[in-house]
2 protein chains.
Amino acid sequence: MRLTRRQQEILDFLRTHAEHFAHPPTLDELCARLGLRSRGSLHKHVQALVAAGFLEPLDRQHRGIRLVAEEPAELGLPLLGTIAAGRPIEAVPQPEFLQVPPHLRTERPCYVLRVRGDSMCEAGILDGDYVVIEQRETARDGEIVVALVRGEEVTLKRILQQPGRTILYPENSALEAMELDPDEVQIQGVLVGQMRSYR
Amino acid sequence: MRLTRRQQEILDFLRTHAEHFAHPPTLDELCARLGLRSRGSLHKHVQALVAAGFLEPLDRQHRGIRLVAEEPAELGLPLLGTIAAGRPIEAVPQPEFLQVPPHLRTERPCYVLRVRGDSMCEAGILDGDYVVIEQRETARDGEIVVALVRGEEVTLKRILQQPGRTILYPENSALEAMELDPDEVQIQGVLVGQMRSYR
DNA sequence: GAACACGAGAACCAACAGAGAACATTGCGA
DNA sequence: TCGCAATGTTCTCTGTTGGTTCTCGTGTTC
């Protein structure tokens, strides 16, 4: 649905307002700011914005005008840093955002890491690739996971969980699998997508 | 259908206007800008542009003059079919569209293919991957291209162009390079991005 | 002269916008 | 707990804006 001039104006105002104040305005306050004298008229506009999906329905709650969560689709996913087998994740200082198409991610919270090194090259994950990780603490056998080992090093490996031991396989025949006590392995996420740019 | 002078002028104005303002103009505003005094006359031109497919029909909506189809970016890129080394591209019946983040494509026209087979597996391109191809007839040595060989088979290979011969390398040590006469190879596009979903 | 592009202007009416009243609900303070 | 003020909801009424549809007139082109 398309917004009218007034609706757009109100929406813009609400967005800037949200940046400066913790609480949404009341209808009366909004009226005053917009030069209106009728709450009823304003309410009509607000309802239109709710119908258009920009505001959450304000079910009789006071100060109930809340902006709907900004589509993460537009913002993209945060690029948290670089993952290199055997070292902690090297975080980027300013969390950058990367656009990720929906079919490379899941509905659950995800983030992006940049891959450093060739430990997964036989699985088609190369140095410089971006991997999309679903934030999750458990994995199924055979999934590729971001794992924190002994609280110090982070790697991207394929996981196999057996009673009493957890094995992390690199996909590179030059490297060896790690066999660990389940307590030593903490799963931080599961690989759900991968991207590479050749430009 | 061909546009008249006035129609072209109006369309041009609307395009520049769209770059500067969030809302389309009203008929009256447009009149003023164009030096017209009759809304009715202008309306006739607008309707002609709607009929010609340049504007969306403005069903009595205020400020409803909107340019049509500026959204190939939003729509994504067309998924044209599946590419398997040694066979023609198997076109999908209904051109599907796939969202592709900007860093995986170029400014020039691009399309997406699905990869079948393992001929490029050592370059990290696996069976089932999506590849983003920039439409282009020439390539630099070392680029991975979509090449039509002898007018019959299409492959995804790394290219090397020497005087008098063109070599197409698969990235799979089990397969052999093709050495061809330059006339036999027609480049259809160059690889600029790659995506894989693990879901 | 017929067809066409272009423009003026009037009349019409649906979309948009606002005022204000009445009512319902919530939440706070006495 | 009660009562009141604050706030959200629903109405009706009103006026304005702006898209739509006409008719008519004037050049221009083939």
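Values below: all heavy atoms of this structure, side chains included; hydrogens, waters and symmetry mates excluded. Here the structure is a predicted model, which is why all the values come from computation and not from measurement. Labels below follow one simple rule: chain letters A, B, ... track the order of the sequence lines, proteins then strands, and each chain is numbered from 1.
- Between the P atom of D:dT16 and the CZ atom of B:Arg63 lies a distance of 18 Å, rounded to the nearest Å.
- If you check every strand for non-hydrogen atoms under 4.0 Å, B:Leu27 touches a base.
- Nucleotide D:dG18 holds its C1' atom 11 Å from the CG atom of B:Leu58, rounded to whole Å.
- Taking atom CZ of B:Arg39 as the reference point, atom C1' of D:dT20 lies 9 Å away to the nearest angstrom.
- Under the 4.5 Å side-chain criterion, counting only non-hydrogen atoms from C-beta, A:Glu143 is not in contact with A:Glu134.
- Between B:Leu80 and B:Leu113, the closest side-chain pair of non-hydrogen atoms falls below 4.5 Å.
- Here B:Arg5 lies in heavy-atom contact (under 4.0 Å) with sugar-phosphate atoms only.
- Residues meeting the salt bridge (Lys or Arg N to Asp or Glu O under 4.0 Å) test with A:Arg2, sequence neighbours left out: none.
- With salt bridges taken as basic N to acidic carboxylate O contacts below 4.0 Å, none links A:Arg165 and A:Asp181.
- One atom, CG of B:Asp28, and another, P of D:dT16, lie 16 Å apart when rounded to the nearest Å.
- One finds a side-chain N or O of B:His43 lying less than 4.0 angstrom from the OP1 or OP2 phosphate oxygen of D:dT20.
- B:Leu3 places a side-chain heavy atom less than 4.5 Å from the side chain of B:Leu49.
- Checking D:dG18, D:dG8, D:dT21 against the side-chain heavy atoms of B:Gln47 singles out D:dT21 as nearest.
- Checked for salt-bridge contact, B:Glu96 and B:Arg114 miss the test: no charged N lies under 4.0 Å from a carboxylate O.
- With rounding to whole Å, A:Glu29 atom CD is found 7 Å from D:dT7 atom P.
- Along DNA chain C, the nucleotide nearest to A:Gln61 and the one nearest to A:Lys44 differ in position, and the one closer to the 5' end is contacted by A:Lys44.
- Counting to the nearest Å, the P atom of D:dG19 and the NE2 atom of B:His45 are 16 Å from each other.
- Mapped onto DNA chain C by nearest heavy atom, A:Arg6 and B:Arg60 fall at different nucleotides, with B:Arg60 at the one closer to the 5' end.
- Remark on DNA chain D: of its neighbouring residues B:Val46 and B:His62, the 5'-side contact belongs to B:His62, judged by nearest-heavy-atom nucleotide.
- The distance from atom CD1 of A:Ile65 to atom P of D:dG8 is 6 Å, rounded to the nearest whole Å.
- Taking a cutoff of 4.0 Å between a charged side-chain nitrogen and a carboxylate oxygen, B:Arg63 and B:Glu29 qualify as a salt bridge.
- Counting 5' to 3', DNA chain C first comes under 4.0 angstrom of a heavy atom of chain B and last does so at the ends given by C:dA5 to C:dC16.
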